[in-house]
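The structure appears below as structure tokens.
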Amino acid sequence: MKVKASILIVDDDESVLKTARLFLKQKFEYVHTINHPSLFDDVMQSTPFDIVLLDMNYTKGESDGAVGLALIQHVLKNYPKVELIAVTAYGDVDLAVEALKNGARDFITKPWNNDRLFGTIERLLSLQHKVSKIEDRNGLIGKSASFLEILSTVEKVAPTDAHVLILGENGTGKGLIAQRIHDLSLRRDQPFVRIDMGALVASLFESELFGHKRGAFTDAVEDRIGKIQQAHGGTLFLDEIGNISWTQQSKLLTVLEQKMITAVGANHAQTIDVRIITATNADLNKLVAEGQYRQDFLYRINTIEINMPPLAERKEDIRLLVKHFFAMHKKKYNKKELKLSEAAFQLLENHLWPGNIRELNHVLEKTVIMAETSLISPADIELVEKISENEEDNLNLEAMEKRLILKSLKKNKGNITHAAKDLGIDRQVLYRRLEKHGL
């Protein structure tokens with residue numbers, strides 16, 4: 001049975017194209033060949049290829065791989081989901097290494113061994129499948145090393161009943177990871193119940209979590225099942241777990257140790273079977289050291305610890321996330337004609353994102369709603385600039401220059417001539433400044 005995948009081969013040697021196509025067609029559902037990079041975009045826009053085998057040289061006598069290396073950069077920017085395999089001449093190790101540094105996933109040399117070629121493609125498809133499995137979740141998208149490591153941990157821990165503590169800044173996707181752990185667990189067909197502990201009124205803590213009996217207090221007009229019992233057999237996700245008091249920690253610790261709850265006003269305890277996942281942006285070890293958090297409770301909830309990195313540390317994932325949210329909001333607001341310019345992509349990739357993925361999603365939604373033209377430029381994107389400590393300490397002139405340029409572009413609706421006039425510089429000088437700042 002053929003592997004369900006589409007392969008594109010780019011090479012100027014017709015004999016290589018024919019040989020590769022004949023072999024790979026026996027293994028994969030769809031194989032296509034082109035003999036020049038100039039045909040690349042037309043083909044890629046008509047067919048969503050999974051793997052591209054890319055020759056590095058296309059002019060007789062040249063061996064520097066300049067064309068191939070430039071095309072690798074083009075693919076990374078415009079087709080980030082595609083896995084690239086560089087094709088080099090036998091013994092050209094330096095060029096192969098350069099291709100890998102530029103973003104190719106692997107390389108093969110001509111003439112190649114068919115088993116090696118098939119194995120390389122199969123391995124990359126497996127990695128691609130691992131990433132794509134999580135792209136059905138809103139914002140749970142990425143291919144960076146840190147993100148794939150988190151995914152690997154999730155896949156290992158999900159089938160167990162180990163308690164998981166998810167740490168990270170607000171907006172990094174902690175809730176999505178918790179949901180993913182549940183979805184991959186043996187409890188997937190049972191309830192996933194989420195409680196925002198930070199929003200829980202202290203006086204209702206026991207009633208919300210453990211439930212209450214009719215008449216237990218003034219407003220208890222009927223029996224109520226608590227959140228923990230609602231999650232029986234499934235997963236209980238306690239978000240913002242760093243916000244609960246010492247007393248509340250003690251009560252939850254008792255539940256975790258005894259696996260029993262007693263509703264407010266009840267005479268008998270009930271056995272519960274729940275898997276606990278918690279999350280917080282607080283430094284719990286620091287809170288323990290300050291005497292605000294119970295060490296024994298922390299031990300109970302963090303059998304496995306997952307640290308979500310801020311979006312600023314996942315730069316290679318930003319373009320994927322931008323495309324995901326942009327497409328989602330275009331569909332939501334019926335603006336299918338909208339496109340993001342390359343300059344807009346670069347602006348979004350270079351932003352520090354203090355609000356992380358949540359902020360990125362919000363910015364793109366607002367951009368789609370307010371768009372006045374079909375092509376989104378940097379001037380159409382409203383960002384909240386966050387000055388780094390180094391910039392603040394050094395009064396960084398480049399950061400100030402970048403903000404002035406963005407302000408001028410926004411004021412002049414992206415008109416370069418008018419923006420340059422406002423800034424008191426020539427158009428060509430402004431173009432150079434835009435290139436320098438990645439705008």
Side-chain angles (χ1 to χ4, degrees), residues 157-167 174-175 177-282 284-285 287-288 290-306:
V157 73
T160 74
D161 265 350
H163 299 327
V164 180
L165 172 62
I166 308 171
L167 302 172
K174 297 188 295 293
I177 288 294
Q179 179 72 61
R180 186 63 181 173
I181 292 171
H182 173 75
D183 291 346
L184 292 177
S185 75
L186 302 178
R187 298 172 177 266
R188 68 178 69 90
D189 297 325
Q190 300 302 318
F192 175 82
V193 178
R194 176 175 183 160
I195 310 174
D196 183 350
M197 306 301 287
L200 200 58
V201 179
S203 60
L204 297 177
F205 177 85
E206 288 186 66
S207 175
E208 282 290 319
L209 266 66
F210 309 143
H212 63 248
K213 304 299 287 184
R214 179 182 177 184
F217 48 87
T218 303
D219 295 325
V221 295
E222 60 183 1
D223 290 355
R224 179 177 180 179
I225 297 175
K227 296 290 188 183
I228 296 178
Q229 193 174 350
Q230 288 177 29
H232 183 70
T235 302
L236 182 67
F237 175 42
L238 304 177
D239 200 5
E240 303 298 344
I241 195 66
N243 292 1
I244 65 174
S245 68
W246 187 280
T247 301
Q248 292 167 346
Q249 294 166 42
S250 300
K251 290 176 180 178
L252 279 175
L253 179 60
T254 300
V255 170
L256 294 177
E257 290 177 338
Q258 298 180 358
K259 300 187 187 310
M260 300 185 76
I261 59 169
T262 302
V264 178
N267 296 319
H268 302 288
Q270 292 178 303
T271 301
I272 50 103
D273 171 27
V274 293
R275 197 245 187 101
I276 304 291
I277 301 176
T278 54
T280 183
N281 65 348
L284 297 186
N285 287 310
L287 292 178
V288 168
E290 294 172 349
Q292 299 179 48
Y293 220 78
R294 292 184 61 127
Q295 182 74 74
D296 50 358
F297 180 62
L298 180 55
Y299 282 148
R300 277 287 180 178
I301 63 176
N302 76 335
T303 306
I304 300 295
E305 196 173 284
I306 294 176

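This is a predicted model, so every value here is computed, not measured. In this chain, numbering begins with 1 at the start of the sequence shown.
Panel note: side chain His182, backbone Gln190; a donor-acceptor pair is recorded below 3.5 Å. Using modelled atom types, one side-chain atom of Thr160 and one backbone atom of Val157 make a donor-acceptor pair closer than 3.5 Å. A donor-acceptor contact shorter than 3.5 Å links the side chain of Gln248 to the backbone of Ser245.
Inspection of the Ser185 and Arg275 side chains reveals no N or O donor paired with an N or O acceptor under 3.5 Å.
Side-chain atoms of Asp161 and Leu186, non-hydrogen and from C-beta on, never get closer than 4.5 Å to each other. Residues Phe297 and Val288 form no side-chain contact, since every pair of their non-hydrogen atoms from C-beta on lies 4.5 Å or further apart. Put simply, the side chain of Leu184 reaches to within 4.5 Å of the side chain of Arg180, judged on heavy atoms. The shortest side-chain heavy-atom distance between Ile306 and Ile181 falls under the 4.5 Å cut-off. The closest side-chain heavy-atom distance from Leu284 to Leu165 is below 4.5 Å. A heavy-atom distance below 4.5 Å is found between the side chains of Asp273 and Arg187. Contact of the Leu253 side chain with the Arg300 side chain is registered, since non-hydrogen atoms from C-beta on lie closer than 4.5 Å. Inter-residue side-chain proximity for Phe210 and Ile228 is flagged as met; some heavy-atom pair is nearer than 4.5 Å.
Contact between Ala231 and Pro191 at its shortest, heavy atoms only, is CA-CB, 4.3 Å. Among all heavy-atom pairs drawn from Ile225 and Gln229, the shortest one is CG2-CB, 3.5 Å. Of all the heavy atoms in Gln249 and Tyr293, the pair that sits closest is NE2-CD1, 3.3 Å. Phe237 and Ala279 make their closest contact through CE1-CB, 3.6 Å (heavy atoms, listed as atom of the first residue, atom of the second, distance). The nearest pair of heavy atoms linking Gly242 to Ala282 is CA-CB, 4.5 Å. Summarising the geometry of Ala178 relative to Phe192, their closest heavy-atom pair is O-CE1, 3.7 Å, with the distance given to 0.1 Å.
Interatomic distance, CD1 of Ile277 versus OG1 of Thr235, reported as 5.0 Å (0.5 Å rounding). The CD1 atom of Ile301 sits 12.0 Å away from the CZ atom of Arg294 when rounded to the nearest 0.5 Å. Here CG of Asn243 is found 9.0 Å from CE of Met197. Values are rounded to the nearest 0.5 Å. We find the CG-CD1 distance between Leu200 and Ile244 to be 9.5 Å, quoted to the nearest 0.5 Å. With rounding to the nearest 0.5 Å, the separation of CD in Glu240 from NZ in Lys174 is 6.0 Å. Atom OG1 in Thr278 sits 8.5 Å away from atom CG in Leu298 (nearest 0.5 Å).
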- Task: Quick one: do Leu256 and Thr254 satisfy side-chain contact (heavy atoms from CB on, under 4.5 Å)? Show the steps, please.
- Result: CA-CA 5 Å; Leu256 294 177; Thr254 300; over 6 Å; no
- For the pair Thr303 and Val164, evaluate side-chain contact (heavy atoms from CB on, under 4.5 Å) and give the outcome as yes or no after the intermediate values. CA-CA 6 Å; Thr303 306; Val164 180; over 6 Å; no
- Task: Kindly determine whether Arg194 and Asp239 satisfy salt bridge (charged side-chain N to carboxylate O under 4.0 Å, His left out), including the steps that lead there.
- Result: CA-CA 7 Å; Arg194 176 175 183 160; Asp239 200 5; 2.8 Å; yes
- Which is it for Leu236 and Leu209 under the side-chain contact (heavy atoms from CB on, under 4.5 Å) test, yes or no, and what are the steps along the way? CA-CA 10 Å; Leu236 182 67; Leu209 266 66; 5.8 Å; no
- Item | Leu167 vs Glu305, side-chain contact (heavy atoms from CB on, under 4.5 Å): CA-CA, chis, key distance, verdict | CA-CA 7 Å; Leu167 302 172; Glu305 196 173 284; 3.5 Å; yes
Under 3.5 Å, which donor-acceptor pairs link side chains of residues 262-269 to any protein atom two or more places apart or in another chain?
none

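Residues passing the side-chain hydrogen bond (donor to acceptor under 3.5 Å, both in side chains) test with Asp196, sequence neighbours excluded: none.
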